[in-house]
Structure formats: structure tokens, C-alpha cells
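Keep in mind the model is a prediction, meaning the values are calculated, not measured.
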Amino acid sequence: MEFSQYDINALMQITNRPNIVFTEGSGMWLTDNNGKRYLDYLQGWAVNCLGHAPKCIVDALAAQGARLINPSPAFYNEPSIRLASMLTAHSCFDRVFFANSGAEANEGAIKLARKWGKVNKNAAGENRYEIITFNHGFHGRTLATMSASGKTGWDTMFAPQVPGFPKAELNDIASVEKLITDKTVGVMLEPVQGESGVIPAQREFMQALRALTKKHNLLLIVDEVQSGMGRSGELFAYQLSGIEPDIMTLGKGIGGGVPLSAMLAREEVAVFEPGEQGGTYNGNPVMTAVGAAVLEELLKPGFLQSVKDQGNYLGAQLLTLCDKHGLEGERGEGLLRALKLGRDIGPQIVEAARNLEPVGLLLNSPRPDLLRFMPSLNVTKDEIDQMIAMLSDILEKLKS
């Protein structure tokens, strides 16, 4: 079917999209309406942790969809109980709230922190509600999560912002400490800032932050929507630093492609009362059955070690590109990595890669001087080599 035959005007215009309609996907590959194949290093922005249409997700959707789709969150359902139990068994958390998107999970974390600040007031008996977040951070697109984010221009886009989110600098503990007041209830950060260009929080910084929050009786909230579910090489990125946060949010990879997210908390922090938090589709049995299938795959012997190994290999190959083409380096954790280009050619590379023939390449440039790589966690060395070769050819052409 030709692109002109699709009634794209029926969709609200919220982003600039190329004239492509994807119709099929398998593993690291997508196929468009003309039958052209693309090696996909976006994977839905780190969503498809097991690639496109993995058998375990297809089977979970079919099996659960034939049994029970939505009994209402007013009742228990078996898949949500099973997934919650798996998550708490493999983390430092005790309670799980399921939602549908990373932004929704982060919104829940903000609400829970503010409720905890009502229960645990300051010395003057006043509610605590301010959450220190970080410049260049990204927490979602609701009004509260946009206010918590540190993206340039977001403070005026839908002004006025939701108050209560002073901004510190990642990896600068002094910048956090100077923002603490009697209104502060917690600190919220991504262990790896994704949208700002894959900037990891240093191990020493995370440990100092945990010590600082404990000293001042503050909550430590980790937004692992992008860095969680094996993406860093550990099941959760906070484990890289050997700390235990109070609240964690998950999204993207937890559903492997379906709309699922989670907010986890330690028992003493889980202070919601009935009626304070909810959602029509939260804990939906079809979505949580998929989440359980995904987590089972990630927990198989050797899987996370393979993520570390492939992440190291991808990093090494990106450094080889740097040597060959005079680029500035690479950074990241596991299979969330960035290539520092040294000049603003990222959008050109993305377009050139997509337009390659006969096979295209899908890349992401969150900043014009940088590329971000988010392959499936079971990407092969051959698929890494193929991407590197394609990218190298593009970089060579851009020199001329």
C-alpha cells in the first residue's frame, strides 16, 4: 500500500514523522509499507527490550487475552500479583503500584512522596512537598512530570509549572545539599539521564546522595523508566552503585512493547490510603502477564551477563568509530549508549541512515551532536557489526 493511501490527517500532529508506515517487526528488524527492512536501534525508545514480536510476549498476550482481559482494578487478578511478587523478590522494594506509562508511574511517585511528607512533617509540624530534581532530567509529559524535568524550554511551554521541583546538577552533591530546606521531602533522579544524552550518575555520587538523603530524612526516588529492566546490565540501574532507594519507577522495558509501568516503594514509604491512587487499566491482567513473561526472560541464567558483554562490545566498536572518524567518544551503561559526534550532524546521520538502500538503519539523535543507541537486550554481535559498518559508511560520506 502506497503512503499516499493512508489517511494520516486523521492523526493529531504532535511530531514530525517521515513518510513511512511500519507494518511488521521481528527482533532487531522493522518492515515498512513498501517491504523495505530497517535495522532498528531505537526499539521504541528502549521499550522493546526483547525486540519486536518476541515469542514469549506473543504467547502471553494470546493466553491471557483468551482468559481474562480486565476485571477492574477494584479486584485482584493473578498476573498482577505474580509480577508484583517477582519484582519485589528481585529488588529492595516491598510494594508495587502498576500503571500504563512511565510518566504515570513518575506522577504516582511524586504523589506518594508528597503524601509521605504529610505523614512525616518537618520540625515546625508543616507538610513537606518539595522534590529536588536535576537539570537536563526527563520524567514524562504530564504537567507535574514536565515540571520535575529539567529540559530546556519546558518551564514555559505549558506555564505555569507545578511548583516544588528545585533543580540540582547531576554528579554534583553540593548542588543538591544547598537546595535542601524544611520543605524538602525527597530527591528524584534518573540513574542514567537518557534524553540529555545518556549521562550516567557516578557511583560515588549515588552513594553520597543516599547518605545525604538519609541524613536529612528525605526519600530517594530513582526514575528507571529507561535504565531499568536489564538495560544497564543489572536488573535495575540503582544496583550498579550498591545502594537501596526508597521509591523506584519502571516503564518502557517492563512491558516489552505493551503499555505497562510500575512504581515500587519500601513498606514504610507505601503510605497511600484507599482512594488516593488508582486508574482504570492499572494492573490490567493482559499487560501484567506480558510483564511477567518479560521478567522471566531477563532472569534466565546468563541473560544479564550477556547484556553487559554486548554493551561492552558495542562501546568498544563505537570507540573504534571514534578513532576512524575523529569523533569525541562514547558513554553509557549496558545497552544504553551514546556516541559523541563533536559537531551538530546527528539529524543528518539519522536521515541518511533511514534512507539507506536496500536496507535502512534507525537511529536516534536526542541532541544534534550525539547519537543514542537503544537496541534490544538480545541484540547479536553480528547486528552490532552491521550497524557499525552502516554508520561508518555514512560518516565517511559526510566528510566529503
Side-chain angles (χ1 to χ4, degrees), residues 15 40-49 101-107 109 133-142 145-154 165 167-171 187-203 205-206 209 221-241 245 248-257 260-263 307 310-311 314-315 318 329-341 346-347 350 362-377 379:
T15 189
D40 182 9
Y41 271 78
L42 278 70
Q43 291 293 335
W45 281 284
V47 167
N48 306 315
C49 62
S101 70
E104 191 179 346
N106 283 333
E107 189 93 9
T133 57
F134 290 82
N135 285 323
H136 311 295
F138 181 89
H139 299 293
R141 295 182 180 274
T142 66
T145 55
M146 286 184 72
S147 301
S149 300
K151 281 178 70 77
T152 302
W154 277 27
F165 299 102
K167 303 295 188 296
E169 297 295 332
L170 190 69
N171 294 322
V187 179
M188 181 177 185
L189 80 162
E190 303 159 89
V192 183
Q193 285 189 343
E195 293 297 310
S196 69
V198 191
I199 302 174
Q202 296 166 356
R203 311 293 198 260
F205 174 76
M206 292 294 288
L209 191 59
I221 306 165
V222 289
D223 172 353
E224 297 223 20
V225 170
Q226 188 164 143
S227 63
M229 299 305 292
R231 179 61 56 180
S232 72
E234 298 288 346
L235 190 57
F236 308 114
Y238 77 81
Q239 295 169 331
L240 292 168
S241 302
M248 176 175 70
T249 57
L250 299 171
K252 296 186 183 293
I254 191 175
L260 177 66
S261 65
M263 187 263 289
V307 174
Q310 300 297 65
L314 174 57
L318 292 174
E330 72 90 35
R331 63 181 175 228
E333 300 281 5
L335 283 170
L336 178 59
R337 310 205 76 86
L339 178 64
K340 296 186 285 184
L341 301 168
V350 168
L362 301 180
L363 297 172
N364 171 247
S365 177
R367 288 183 1 201
D369 63 345
L370 181 139
L371 295 176
R372 175 173 48 168
F373 303 87
M374 303 164 283
S376 65
L377 300 185
V379 63

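Legend: salt bridge (Lys or Arg N to Asp or Glu O under 4.0 Å) pairs involving residues 187-203, not counting sequence neighbours, sorted by first then second residue: Glu195-Arg372, Arg203-Glu333.
Met206 places a side-chain heavy atom less than 4.5 Å from the side chain of Val222. In this structure the side chain of Phe205 reaches within 4.5 angstrom of the side chain of Leu189, judged on heavy atoms. By the 4.5 Å heavy-atom criterion applied to side chains, Val198 and Val192 are counted as neighbours. A 4.5 Å side-chain heavy-atom check between Phe134 and His136 finds every atom pair outside the cut-off. Taking the side chain as every heavy atom from C-beta outward, Cys49 and Leu377 approach each other to under 4.5 Å. Under the 4.5 Å side-chain criterion, counting only non-hydrogen atoms from C-beta, Pro366 is in contact with Asn364. By the 4.5 Å heavy-atom criterion applied to side chains, Leu371 and Tyr41 are not counted as neighbours.
Annotation for Pro375 and Leu335: closest pair CD-O, 3.6 Å, computed over non-hydrogen atoms. The nearest pair of heavy atoms linking Ile221 to Ala109 is CG2-CB, 4.2 Å. Residues Ala262 and Ile254 come closest through the heavy atom pair CB-CD1, 4.0 Å. Counting all heavy atoms, side chain and backbone alike, Leu318 lies closest to Ala338 at CD1-O, 4.5 Å. The two residues Gly140 and Ala103 make their nearest non-hydrogen contact at CA-CB, 3.8 Å. The shortest heavy-atom contact between Gly332 and Arg337 is O-NH2, 3.5 Å.
Taking CG of Leu336 as the start and CE of Met374 as the end, the distance is 7.5 Å to the nearest 0.5 Å. Note that CG of Asp369 is 10.0 Å distant from CG of Leu339, once rounded to the nearest 0.5 Å. Here the straight-line distance linking atom OG of Ser227 with atom CD of Gln193 works out to 11.0 Å at 0.5 Å rounding. A distance of 4.0 Å separates CZ in Phe236 from CE in Met248, rounded to the nearest 0.5 Å. In this structure, CG on Leu362 lies 6.0 Å from CG on Leu42, to the nearest 0.5 angstrom. Note that NZ of Lys151 is 8.5 Å distant from OG of Ser196, once rounded to the nearest 0.5 Å.
Under the salt bridge (Lys or Arg N to Asp or Glu O under 4.0 Å) criterion, Arg331 pairs with no residue, sequence neighbours left out. Under the rule for a ring-ring contact (aromatic ring centres under 6.0 Å, His included), the partners of Phe138 that lie at least two apart in sequence or sit in another chain are Trp154.
A donor-acceptor pair under 3.5 Å is absent between the side-chain atoms of Asp223 and the main chain of His139, judged by distance alone. Arg141 places no side-chain N or O within 3.5 Å of a backbone atom of Met146 that could act as its donor or acceptor partner. Between the side chain of Thr249 and the backbone N or O of Ala105, no donor-acceptor pair lies under 3.5 Å. A donor-acceptor contact shorter than 3.5 Å links the side chain of Lys167 to the backbone of Phe165.
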